[in-house]
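Worth saying up front: this structure is predicted, and the values here are computed from it rather than measured.
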Amino acid sequence: MAIPSADPGAMASPECQLAAVFEQIHQQRMLGLPILNPALRVAVIGGRRWQDDWVGVLITPWCMNLVLLPGSGSARRPGAVGSTLCIRLPAGTFELIASYEPDIGSFAACSLFSPMQGFADQPSAVAVAETVIAGLFEPQPAGARPASENRPGISRRDLLRGKLRG
């Protein structure tokens, strides 16, 4: 059976849809777990259309993820849940994990932070998410090698310090 994928073009607001689904997950599946940071709430930051897809940063009390919702015309299709999908953004190539939620369909996510205990409050989590999404879409200077070619990946420490490129 084929799993339907999200179509950001068909959604009235991918940000609202993603936030609503993860708020429901928070209330129904995660509530009361010790991994939660009670100072945080579900939010979607910096969502934008990119090529045929939608990309944004999802903040929850348990994680912060880069999320890709594939569009109907997209060549990037998340495979089976748990499989990897590599996407190329202006800052480099990133590996995302395929996932599925009935109200979203297939999507892919890359963990940026988990757990979220390092964040004192919602504004600090939002500031990091804004820095991350801005850095991911920063154009590479002429002749520069993408971050993915300079080092194997981006550390969480580098994300917090705003060092998205080598």
Side-chain angles (χ1 to χ4, degrees), residues 1-33 35-91 94-138 156 159-160 162 164:
M1 178 174 123
I3 296 174
S5 66
D7 181 355
M11 289 183 209
S13 167
E15 292 91 344
C16 291
Q17 181 75 10
L18 190 62
V21 167
F22 275 86
E23 181 57 37
Q24 185 177 27
I25 290 169
H26 178 219
Q27 296 301 320
Q28 294 178 357
R29 299 185 218 165
M30 301 297 289
L31 203 57
L33 294 179
I35 192 173
L36 300 179
N37 180 339
L40 302 179
R41 64 185 182 282
V42 173
V44 178
I45 306 300
R48 62 186 71 187
R49 301 230 181 263
W50 178 71
Q51 297 178 350
D52 293 323
D53 304 315
W54 179 92
V55 179
V57 175
L58 170 69
I59 298 171
T60 72
W62 63 94
C63 70
M64 183 184 301
N65 291 341
L66 174 65
V67 176
L68 176 131
L69 300 174
S72 59
S74 177
R76 287 173 291 278
R77 289 280 179 227
V81 171
S83 65
T84 59
L85 172 70
C86 290
I87 64 167
R88 183 142 181 86
L89 299 172
F94 299 87
E95 186 175 278
L96 288 79
I97 305 298
S99 194
Y100 176 81
E101 285 295 328
D103 291 333
I104 298 174
S106 293
F107 65 99
C110 175
S111 178
L112 302 172
F113 296 93
S114 182
M116 296 291 282
Q117 271 49 22
F119 292 94
D121 53 31
Q122 188 76 11
S124 62
V126 168
V128 169
E130 288 171 341
T131 299
V132 167
I133 200 74
L136 292 173
F137 287 92
E138 224 173 72
R156 291 179 183 167
L159 281 171
L160 281 173
L164 296 175

Can you confirm whether [X] sits close enough to [Y] that some side-chain heavy atom of one is under 4.5 Å from a side-chain heavy atom of the other?
{"X": "Thr60", "Y": "His26", "value": "no"}
{"X": "Trp50", "Y": "Pro90", "value": "yes"}
{"X": "Thr84", "Y": "Leu96", "value": "no"}
{"X": "Val126", "Y": "Pro123", "value": "no"}
{"X": "Phe113", "Y": "Val128", "value": "yes"}
{"X": "Leu66", "Y": "Val132", "value": "no"}

From [X] [atom1] over to [Y] [atom2], what is the distance, rounded to the nearest 0.5 angstrom?
{"X": "Leu136", "Y": "Thr131", "atom1": "CG", "atom2": "OG1", "answer": "10.5 Å"}
{"X": "Ile133", "Y": "Ile45", "atom1": "CD1", "atom2": "CD1", "answer": "10.0 Å"}
{"X": "Leu68", "Y": "Ser74", "atom1": "CG", "atom2": "OG", "answer": "6.5 Å"}
{"X": "Leu112", "Y": "Asn65", "atom1": "CG", "atom2": "CG", "answer": "6.5 Å"}
{"X": "Cys110", "Y": "Leu85", "atom1": "SG", "atom2": "CG", "answer": "11.0 Å"}
{"X": "Leu58", "Y": "Ser111", "atom1": "CG", "atom2": "OG", "answer": "10.5 Å"}

Minimum heavy-atom separation for [X] to [Y], with atom names?
{"X": "Val81", "Y": "Ser99", "value": "CG2-C, 4.2 Å"}
{"X": "Ala125", "Y": "Leu40", "value": "CB-CD2, 4.0 Å"}
{"X": "Ala98", "Y": "Pro78", "value": "CB-CB, 3.7 Å"}

Ring geometry between Phe22 and Phe107 (parallel below 30°, tilted from 30 to 60°, perpendicular above 60°): perpendicular
Does [X] reach the main-chain N or O of [Y] with its side chain, forming a donor-acceptor pair under 3.5 Å?
{"X": "Gln24", "Y": "Ala19", "value": "no"}
{"X": "Gln117", "Y": "Ile35", "value": "yes"}
{"X": "Asp53", "Y": "Arg76", "value": "no"}
{"X": "Asn37", "Y": "Met116", "value": "yes"}
{"X": "Ser106", "Y": "Gly79", "value": "no"}
{"X": "Glu23", "Y": "Arg41", "value": "no"}

